[in-house]
Amino acid sequence: MKFVSTRALNNKKEYSAAEVIKQGLAPDGGLFVPTEIPALTGEDLDRLAGMTYPERAAEIMGLYLTDYTREELLSAANAAYGAPKFPEATPTPITKVGDLELLELWHGPTSAFKDMALQIMPHLLSMALTKTGETRDALILVATSGDTGKAALEGYADVPRVKIHVFYPTDGVSRIQKKQMATQQGSNVNVTAIYGNFDDAQNGVKAIFADGEMASLLDKEGLFLSSANSINWGRLVPQVVYYISAYCDLMNAGRLQKGDLMDVVVPTGNFGNIFACCLAKRMGLPVGKMICASNQNNVLTDFINNGVYDRRRTFYQTVSPSMDILISSNLERLLWLVAGPEKCASYMEALRKDGVYAVDKEVLEAVQEEFAAYFCDEALTKNVLREIYEQRMYLADTHTAVALSAALRYQRSLEEEKRTVLVASTASPYKFSPAVLEALGKTVPEDGFEALRSLQKISGIPAPARLAALETMEDRFTEVIAAENMKEAVLAFARS
Ligand SMILES: *Cc1c(COP(=O)(O)O)cnc(C)c1O
């Protein structure tokens, strides 16, 4: 299996999976896409249904990562998805809520779905270094407003041939998020708070990536810079696995018959999670419609409904912050598949230049053939969260509530009565305790841990042990520096 850049028009250079995972972004600024989509047959589904989650992961990822051996992928999948990382028997349990099937993707170490990719991707990167003959080790730099930083730290901690340095704005993350990062274990990790906001941290990291002197100083230490960005193919391919795995689990449980169509609702920000579902569908998984659920930042809803992608709009900070995005990077991969490289390149150029593009009629029809879209404002998000809790006894987080709202509206629009609708549940409600309490109409304590305890008491549902245990853990990283000093901090860590 070979990969090309979405922006390559004539001279299409091909890359191996290991190169793609190591490089993250193509040299021309495009995203890596596979030159063909592997097929999944009915017999394959039967075989996969008889396997454990790590075995399914090794099998499915192996269709794309053909330069990795089955043993390598299985050992990576076992390390990523077994205990102690995922303590429960199934990493991705499915809960029935009314007529909906909720696929819970947040039973990993940081209680959010990004663990599904970030637990395994570091192993893939570490192996990619050997496969590509890279003699240096990778130094991952991350600027975070909270969730991605912690998920990346947990994933890369103690992975061979990789170091990771995370920067976050000292007053820009919640108390629990800060505690999650400050207490991070592992001999190859570093965490530094900076004075300023997320943009200051992000700009600092970008400046380091663009700094030629820095590259040569790091080279002397036997290191090169790399990122844990969500557009890396190594983060996308593990996400294909859980859609196929969910279908197998529903087959095994007799909740659908092989061949039945399954619609899938995904709370969407960067279009990564839902695009992984699209790949599963194109591989042959019987997926009907994919429903893209957005919060008040509804740029994707407008695009799927009207064919115009217009980022020139107000940016809202919502109670589902991981979906507060106006440029959904992975949409470029869908456009490449649907519209072809030439049109895709012209849309991306228009987006960069003017902040807007409109696709033509055939492209829009092709998109609508596969996707539907709904969005949810703040009031609706909170209402749905409360309704599902009161009527169905299910405690959803705010991101999942956005998806549930879309799922319920989609279901009402269906003419067929019986149809399996799978909803991706992307975070534990305890990850966003204050917002969940507010939605339930309860008093919201100032302190994050107080809020967590309060939610636990009200719902009677235990919080993930790892979140609750944080409060009494010793901080390892307490340093706060000026954003101007980020470069020195990285160098000091590189030399340590
Ligand atoms: C990142 C995130 C999303 C959005 O996923 P994309 O792949 O960016 O579309 C949704 N919910 C939660 C909790 C997240 O952390």
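Order of appearance sets the numbers: ligands from 1, and atoms from 1 within every ligand. Numbering starts at 1 and runs along the sequence shown.
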Quiz item: Quick check, are the ring centers of Phe32 and Phe3 under 6.0 angstrom apart?
Solution: no
Quiz item: Is Arg175 paired with Asp447 through a side-chain N to carboxylate O contact shorter than 4.0 Å?
Solution: yes
Exercise. Compute whether any side-chain donor of one residue and acceptor of the other, for Thr110 and Glu154, lie under 3.5 angstrom apart.
Key: no
Quiz item: When you look for heavy atoms under 4.0 Å from ligand 1, do you find them on the side chain of Lys431, its backbone, both, or neither?
Solution: neither
Quiz item: By number and element, which atoms of ligand 1 are closer than 4.0 Å to a non-hydrogen atom of Met323?
Solution: 10 (C)
Quiz item: Between Thr268 and ligand 1, does any nitrogen or oxygen pair lie at a separation below 3.5 Å?
Solution: no
Quiz item: Considering only the protein, which heavy-atom contact is closest to atom 3 (C) of ligand 1, and what is its distance?
Solution: Phe113 CE2, 3.6 Å
Quiz item: So, Phe432 versus His399, ring centres under 6.0 angstrom or not?
Solution: yes
Exercise. Consider ligand 1: state whether an atom of it lies below 4.0 angstrom from any non-hydrogen atom of Pro267.
Key: yes
Quiz item: Would a distance-only check, ignoring hydrogens and angles, find a side-chain to backbone donor-acceptor pair under 3.5 Å from Arg392 to Val97?
Solution: no
Exercise. With heavy atoms of Thr426 as the reference, note each atom of ligand 1 found under 4.0 Å away.
Key: 10 (C), 11 (N), 12 (C), 13 (C)
Quiz item: For Asn270, is at least one N or O under 3.5 Å away from an N or O on ligand 1?
Solution: yes
Quiz prompt | Shortest protein heavy-atom distance from atom 14 (C) of ligand 1, along with the residue and atom involved | solution = Lys114 NZ, 2.9 Å
Quiz item: Which atoms of ligand 1 are found less than 4.0 Å from any heavy atom of Gly272?
Solution: 6 (P), 7 (O), 9 (O)
Exercise. Specify side chain, backbone, both or neither for Phe271, according to which of its non-hydrogen atoms lie closer than 4.0 Å to ligand 1.
Key: backbone
Quiz item: Are the aromatic ring centres of Phe371 and Phe271 under 6.0 angstrom apart?
Solution: yes
Self-check item: Flag, side chain of Ser174 to backbone of Gln177, donor-acceptor distance under 3.5 Å
Solution: yes
Practice problem: Give yes or no for whether the N/O distance cutoff of 3.5 Å, strictly under, is met between Asp147 and ligand 1. | Solution: no
Self-check item: Option nearest atom 9 (O) of ligand 1 (shortest heavy-atom distance, choices Ser328, Gly269, Ala427, Ser425)
Solution: Gly269
Self-check item: Distance-only donor-acceptor check, side chains Asp249 and Tyr242, under 3.5 Å
Solution: no
Quiz item: Do any nitrogen or oxygen atoms of Asn273 come within less than 3.5 Å of a nitrogen or oxygen of ligand 1?
Solution: yes
Quiz item: side-chain contact (heavy atoms from CB on, under 4.5 Å) with Cys376: which of Arg409, Lys382, Gln296?
Solution: Arg409
